[in-house]
Amino acid sequence: MIGTLEALETYLRALGQEEPSLAAECVLIRPGIDEAACVALRTAFPGLPESYLACARTFRFTGVQVGGFLLSPMAGRGTLVDGLLRTNSAVNPAWPRLSNEGFVEVALGESDLVAVACKGSRVPEGSVLALDLFDLEEAPALLASSFEKFLLYAGNMMQISAQLDGEEAVDELAERLVALGATEIMVDGWSSIAEEFFF
């Protein structure tokens, strides 16, 4: 089980060494964004949770995927700041809802966008939520209490997929999530993501 960001970093580095063609996409490299980029993000998104910024300062997210989630949506060849500014603008069909709810989109999966709750949102600041890309009216699913926890949960899903699949993998992920402090609501939030990932 991956229980810390350091353990996740080690796991992904080993994975990159085993599969060099995947290294650029899956390895978390230090450092992340600098203080100027943090200031730019705080200015653009007042209330952006420190739990997200702390992770973004620690690791480079641009072009990196963990557990099927791209950590720099719309960044392309630009910076993480550029990508987040584009993602959280009128070009994104989900932006009206994200803005109204006090969310900022920070990652993208196959069927879900991942957002963090900012200060003043109706959910606790720093919470990580998934919104269904194909039904933006659906209630968001709570995935984690902080972005660090989200990374750990996604990393465990990735690790499990190398050993198990199907229902066994779904059950193993649920057990690990609980062991890592996830609530029942969070485990439920991961269930559809896990089924799509493991089947």
Side-chain angles (χ1 to χ4, degrees), residues 1-38 41 49 51-84 86-87 104-116 128 130 133 143-166 168-177 179-182 186 189-190 193-199:
M1 182 168 73
I2 298 169
T4 65
L5 287 180
E6 290 73 20
L8 176 62
E9 182 182 12
T10 300
Y11 169 71
L12 294 175
R13 189 184 307 117
L15 190 62
Q17 288 170 349
E18 289 172 18
E19 299 282 348
S21 61
L22 296 176
E25 294 180 7
C26 74
V27 177
L28 289 171
I29 297 170
R30 295 172 185 255
I33 59 175
D34 60 17
E35 193 53 40
C38 281
L41 287 176
S51 60
Y52 172 76
L53 289 170
C55 292
R57 277 196 301 266
T58 303
F59 299 115
R60 179 181 60 80
F61 286 162
T62 309
V64 175
Q65 295 189 48
V66 177
F69 292 102
L70 178 64
L71 303 181
S72 57
M74 287 196 201
R77 294 182 181 209
T79 66
L80 180 67
V81 174
D82 293 337
L84 291 181
R86 276 196 295 275
T87 300
V104 171
E105 181 180 345
V106 294
L108 185 66
E110 280 192 31
S111 303
D112 303 277
L113 65 82
V114 175
V116 290
V128 180
L133 284 171
L143 299 182
S145 59
S146 69
F147 200 72
E148 176 180 343
K149 289 283 191 181
F150 167 75
L151 290 175
L152 294 179
Y153 299 165
N156 275 280
M157 187 168 72
M158 195 172 179
Q159 186 182 51
I160 291 165
S161 71
Q163 304 156 345
L164 303 169
D165 57 22
E168 272 188 295
V170 172
D171 292 345
E172 174 66 18
L173 178 63
E175 287 181 20
R176 290 194 190 190
L177 293 178
L180 290 168
M186 292 171 194
W190 281 94
I193 294 169
E195 285 174 12
E196 187 174 302
F197 194 78
F198 292 131
F199 284 89

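For reference, positions follow the sequence shown, starting with 1.
The distance from the CD atom of Q163 to the CD atom of E168 is 11.0 Å, given to the nearest 0.5 Å. A distance of 11.5 Å separates CD of E25 from CD of E19, quoted to the nearest 0.5 Å. Note that CZ of R60 and OG1 of T79 are 12.5 Å apart. Values are rounded to the nearest 0.5 Å.
For the pair F69 and A154, the tightest heavy-atom approach, listed with the atom from each and the gap, is CD1-CB, 4.3 Å. The two residues L71 and F147 have their closest heavy-atom pair at CD2-CZ, 4.2 Å. Nearest heavy atom pair, residue L12 against residue M158, reads CD2-SD, 3.8 Å. Between A75 and T62, the shortest heavy-atom contact is CB-CG2, 4.2 Å. The shortest non-hydrogen separation linking K149 to L180 is NZ-O, 2.7 Å. Smallest separation of non-hydrogen atoms from C38 and R57: SG-CG, 3.3 Å.
When atom types are taken as modelled, the side chain of T87 and the backbone of P73 share a donor-acceptor pair closer than 3.5 angstrom. Counting only distance, with no hydrogens or angles, the side chain of R13 and the backbone of L28 share no donor-acceptor pair below 3.5 Å. S72 places a side-chain N or O within 3.5 Å of a backbone atom of G63 that can act as its donor or acceptor partner.
At least one side-chain heavy atom of R176 sits less than 4.5 Å from a side-chain heavy atom of Q159. Contact annotation: the side chain of L84 approaches that of Y52 to within less than 4.5 Å [non-hydrogen atoms, C-beta and beyond]. The shortest side-chain heavy-atom distance between M157 and F198 falls under the 4.5 Å cut-off. In this structure the side chain of L152 reaches within 4.5 angstrom of the side chain of L5, judged on heavy atoms. With contacts defined as side-chain heavy-atom distances shorter than 4.5 Å, the pair T58/E9 does not qualify. Taking 4.5 Å as the limit, every side-chain heavy atom of L173 sits out of range of all side-chain heavy atoms of L164. Put simply, the side chain of L151 reaches to within 4.5 Å of the side chain of F61, judged on heavy atoms.
Considering only residues two or more places apart in sequence or on other chains, E196 meets the side chain to side chain donor-acceptor pair (under 3.5 Å) condition with S111. Partners of Q65 by side chain to side chain donor-acceptor pair (under 3.5 Å), not counting sequence neighbours: none found. In this structure, E148 has no side chain to side chain donor-acceptor pair (under 3.5 Å) partners at least two apart in sequence or on a different chain.
E195 CD: more than 12 foreign heavy atoms inside a 6.0 Å radius.
Residues F150 and Y153 keep their aromatic ring centres 6.0 Å or farther apart.
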